Amino acid sequence: MAKILILPFLNMRSGHHAVAETLAENLGRKMETEIKEVEFLSYINPTIEHLTSMIYLNWIRYASTSYSIVYRKFFYKTRDKQKSNEWYLSFFLYKMRCLIQEVKPDLIICTHC
């Protein structure tokens, strides 16, 4: 039996969760699998995930133009500009290794970049 880990983004209802649920449902019908969905930020810290969701929803609701500008500036980077995000990457990588060791999946599917 294959073990599949699906990683949607944030706990709020979104397209990322709809894709995760659809994949889990269809993969479960097509093959014998054990599927586990884990929202990674909640795995790290549920309070931070909750605050992030709240801020995100309010930001896109009340200041969507500024959100678009900030998103493009910080998340559409060329590889040489990505170095600025390294301050949290080692922590995220450590927590991802912990999750992978805990679940021991054969396949990991992320529904968010």
Side-chain angles (χ1 to χ4, degrees):
M1 176 178 354
K3 279 179 122 177
I4 300 174
L5 174 62
I6 300 178
L7 301 169
F9 185 64
L10 302 176
N11 280 328
M12 63 185 188
R13 298 301 307 150
S14 69
H16 302 291
H17 279 275
V19 169
E21 289 168 3
T22 301
L23 283 169
E25 183 180 314
N26 285 306
L27 287 169
R29 274 193 254 146
K30 302 264 185 217
M31 55 195 280
E32 193 174 324
T33 58
E34 178 184 330
I35 299 172
K36 182 166 186 160
E37 283 185 47
V38 175
E39 195 292 308
F40 188 61
L41 197 51
S42 293
Y43 174 80
I44 294 172
N45 186 313
T47 303
I48 290 175
E49 186 282 330
H50 178 72
L51 288 171
T52 301
S53 293
M54 255 180 23
I55 291 166
Y56 171 75
L57 288 173
N58 284 310
W59 193 5
I60 62 173
R61 182 181 210 176
Y62 298 111
S64 59
T65 302
S66 70
Y67 174 81
S68 294
I69 292 167
V70 170
Y71 187 87
R72 282 190 200 102
K73 180 168 176 57
F74 291 101
F75 296 103
Y76 281 102
K77 293 183 175 184
T78 58
R79 283 204 171 270
D80 59 326
K81 292 182 182 177
Q82 288 180 350
K83 297 272 187 228
S84 63
N85 292 336
E86 287 186 359
W87 62 269
Y88 64 83
L89 285 180
S90 60
F91 176 70
F92 273 32
L93 287 172
Y94 168 76
K95 294 304 272 184
M96 183 59 75
R97 283 187 195 105
C98 291
L99 177 61
I100 290 169
Q101 288 173 355
E102 183 182 314
V103 176
K104 296 179 176 49
D106 298 305
L107 176 67
I108 300 171
I109 300 171
C110 299
T111 59
H112 190 273
C113 61

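Computed from a predicted structure; not experimentally measured.
Contact check for Met54 versus Leu51: side-chain heavy atoms found under the 4.5 Å cut-off. Looking at Ile100 and Pro105, their side chains come closer than 4.5 Å, going by heavy atoms from C-beta outward. In this structure the side chain of Leu99 reaches within 4.5 angstrom of the side chain of Leu5, judged on heavy atoms. A heavy-atom distance below 4.5 Å is found between the side chains of Ile4 and Ile109. Considering only heavy atoms from C-beta on, Glu49 comes within 4.5 Å of Glu39 through its side chain. Residues Ile44 and Met96 have side chains not in contact (no heavy-atom distance under 4.5 Å, counting atoms from C-beta outward).
No chain of hydrophobic side-chain contacts below 4.5 Å, direct or via other Ile, Leu, Val, Met, Phe, Trp or Tyr residues, connects Ile69 to Ile55. In the hydrophobic clustering of this structure, Leu89 groups with Ile48; members are Ile, Leu, Val, Met, Phe, Trp, Tyr whose side-chain heavy atoms approach within less than 4.5 Å, directly or through other members.
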(request) Just do the side-chain contact (heavy atoms from CB on, under 4.5 Å) check on Phe40 and Phe9 with the steps written out, would you? (result) CA-CA 7 Å; Phe40 188 61; Phe9 185 64; over 6 Å; no
(message) side-chain contact (heavy atoms from CB on, under 4.5 Å) for Leu41 and Asn45? Distances and angles first, verdict last.
(response) CA-CA 6 Å; Leu41 197 51; Asn45 186 313; over 6 Å; no
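Formation of a donor-acceptor pair under 3.5 Å by the Ser64 side chain with backbone atoms of Arg61 is not found in this model.
Of all the heavy atoms in Ser66 and Ala63, the pair that sits closest is OG-O, 2.9 Å. Residues Ala24 and Ile35 share a closest heavy-atom pair of O-CD1, 3.2 Å.
More than 12 non-hydrogen atoms from other residues, nucleotides or ligands lie less than 6.0 angstrom from CD of Glu21.
Taking the ring centroids of Tyr56 and Tyr67, they lie under the 6.0 Å cut-off.
Applying the side chain to side chain donor-acceptor pair (under 3.5 Å) definition to pairs two or more places apart or across chains, those involving residues 95-109 are Tyr43-Glu102.
For the atom pair NZ of Lys3 and CD of Glu34, the computed distance is 5.0 Å after rounding to the nearest 0.5 Å. The distance from atom CG of Leu23 to atom OG1 of Thr111, rounded to the nearest 0.5 Å, is 8.0 Å. To the nearest 0.5 Å, atom CH2 of residue Trp59 and atom OG1 of residue Thr52 are 11.5 Å apart. Of the inter-residue distances, the one linking Leu7 atom CG with Lys36 atom NZ reads 11.0 Å to the nearest 0.5 angstrom.
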